[in-house]
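Worksheet: one structure, shown below.
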Amino acid sequence: MLRKPFIAGNWKMNMTVASAKKLIEELKPLVKDANCDVCLCVPAVLIPEAVKAAQGSNIKIGAQNIHWSASGAYTGEISADMLKDYGVQYAIIGHSERRQYFGETDETVNKRTLAALNSGITPIVCVGETLSERENGETENVIYRQLEQGLKGIDDVSKIVIAYEPVWAIGTGKTATDAQAQETVAFIRKTAGKLFCPKCAEKLIIQYGGSMNAGNCKGLMAQPDIDGGLIGGASLKLDFATIVNYDK
Ligand code: PEP
């Protein structure tokens, strides 16, 4: 298989120690025969318990952000090595909520992505256009800029995961159509080939994210360039297992 599908959950700022442990315990038997890689990106404080609960299963645990420095005077921040120490294998970088509410820029996305790679954590780098950017025909320009600036200095783009998340589809219940998602994901792959190398781009895992759920996952996953999903709301319930088992 050139690209193993990859379904990841983004719990955002949800769940408690008890509800996290309960959901992971319930998901374990439901996803154990998955044909894709499976990950849950949980709030930082829940990482130790989530790693413990997922032990011995095929569920990997990810973070939702990473600081670019190894250590130092950065109050409130968490470094890649600290996360790695706890068994974190993936980290979402540059989610649109971080771009929108926390001043994330392509430059900081780039620094975080490089820090993750340096520590052996696979970054899930989010790109995507807003509704007005789509309506103004700027989707490809915006995504080209996010890729060119956000991924600067990466030697092999197949070492990262890209999540295409149209901002207008996140948490809104409005999914991109299968064709819209495929078209933009194919553009991302073509651009990655141009900016890096065509061979790496062939191996690059690109997820779709934005109101993906148990009902629409099959159609999205059937698209030739879509290799997985980044799932927000639906990853907080057992529906996540249905998405992971989209091919059954
Ligand atoms: C997300 O937060 O990455 C996301 C895609 O959210 P939702 O599935 O809820 O739209």
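The first residue in the sequence is number 1, and the count goes up from there. Basis for what follows: all heavy atoms, side chains included, without hydrogens, waters or symmetry-related copies. One-based numbering, in listed order, for ligands and for the atoms of each.
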Which of the atoms in ligand 1, numbered in the order shown and given with their element, are less than 4.0 Å from a heavy-atom of Ala169?
10 (O)
Salt-bridge contact Lys22-Glu26 (side-chain N to carboxylate O under 4.0 Å):
yes
Proximal ligand 1 atoms for Ser211, defined as those under 4.0 Å from one of its heavy atoms
7 (P), 8 (O), 10 (O)
shortest atom 5 (C) of ligand 1-to-protein heavy-atom contact is with Glu165 OE2, 3.1 Å
Could you tell me whether Leu230 and ligand 1 have an N or O pair separated by under 3.5 Å?
no
Do the non-hydrogen side-chain atoms of His95 and Asn65 ever get within less than 4.5 Å of each other?
no
May I ask you to decide whether Asp106 forms a salt bridge with Lys152, counting only side-chain N to carboxylate O separations under 4.0 Å?
no
Interfacing atoms of ligand 1 (cut-off 4.0 Å, heavy-atom, Gly209)
5 (C)
Among residues two or more places apart or on two chains, list those pairs meeting ring pair (Phe, Tyr, Trp, His ring centres under 6.0 Å) that have a residue in residues 150-201.
none
First locate atom CG of Asp81, then atom OG of Ser119, and finally report the distance between them rounded to the nearest 0.5 Å.
3.5 Å
Indicate yes or no: at least one non-hydrogen side-chain atom of Ser211 is less than 4.5 angstrom from one of Thr172.
yes
Is the closest heavy atom of Ser235 to ligand 1 under 4.0 Å?
no
Listed partners of Ser235 passing side-chain hydrogen bond (donor to acceptor under 3.5 Å, both in side chains), at least two apart
none
Ile66: which of Ile121, Thr113, Ile78 passes side-chain contact (heavy atoms from CB on, under 4.5 Å):
Ile121
Answer yes or no: is there an ion pair linking Arg189 with Asp227, defined by an N-O contact shorter than 4.0 Å?
yes
Got an N/O contact under 3.5 Å between Gly233 and ligand 1?
yes
Enumerate the atoms of ligand 1 whose separation from the nearest heavy atom of Gly171 is less than 4.0 angstrom.
7 (P), 9 (O), 10 (O)
Contact check: Gly232 vs ligand 1, nitrogen or oxygen atoms, below 3.5 angstrom
yes
Would you mind checking which non-hydrogen protein atom is closest to atom 1 (C) of ligand 1, with the distance to 0.1 Å?
His95 NE2, 3.2 Å
Geometry only, no angles: is Lys12 polar-contacting ligand 1 at N/O separations under 3.5 Å?
yes
Looking only at distance, does Asn10 have an N or O less than 3.5 Å from an N or O of ligand 1?
yes
Below 4.0 Å from ligand 1: does a non-hydrogen atom of Gly210 turn up there or not?
yes
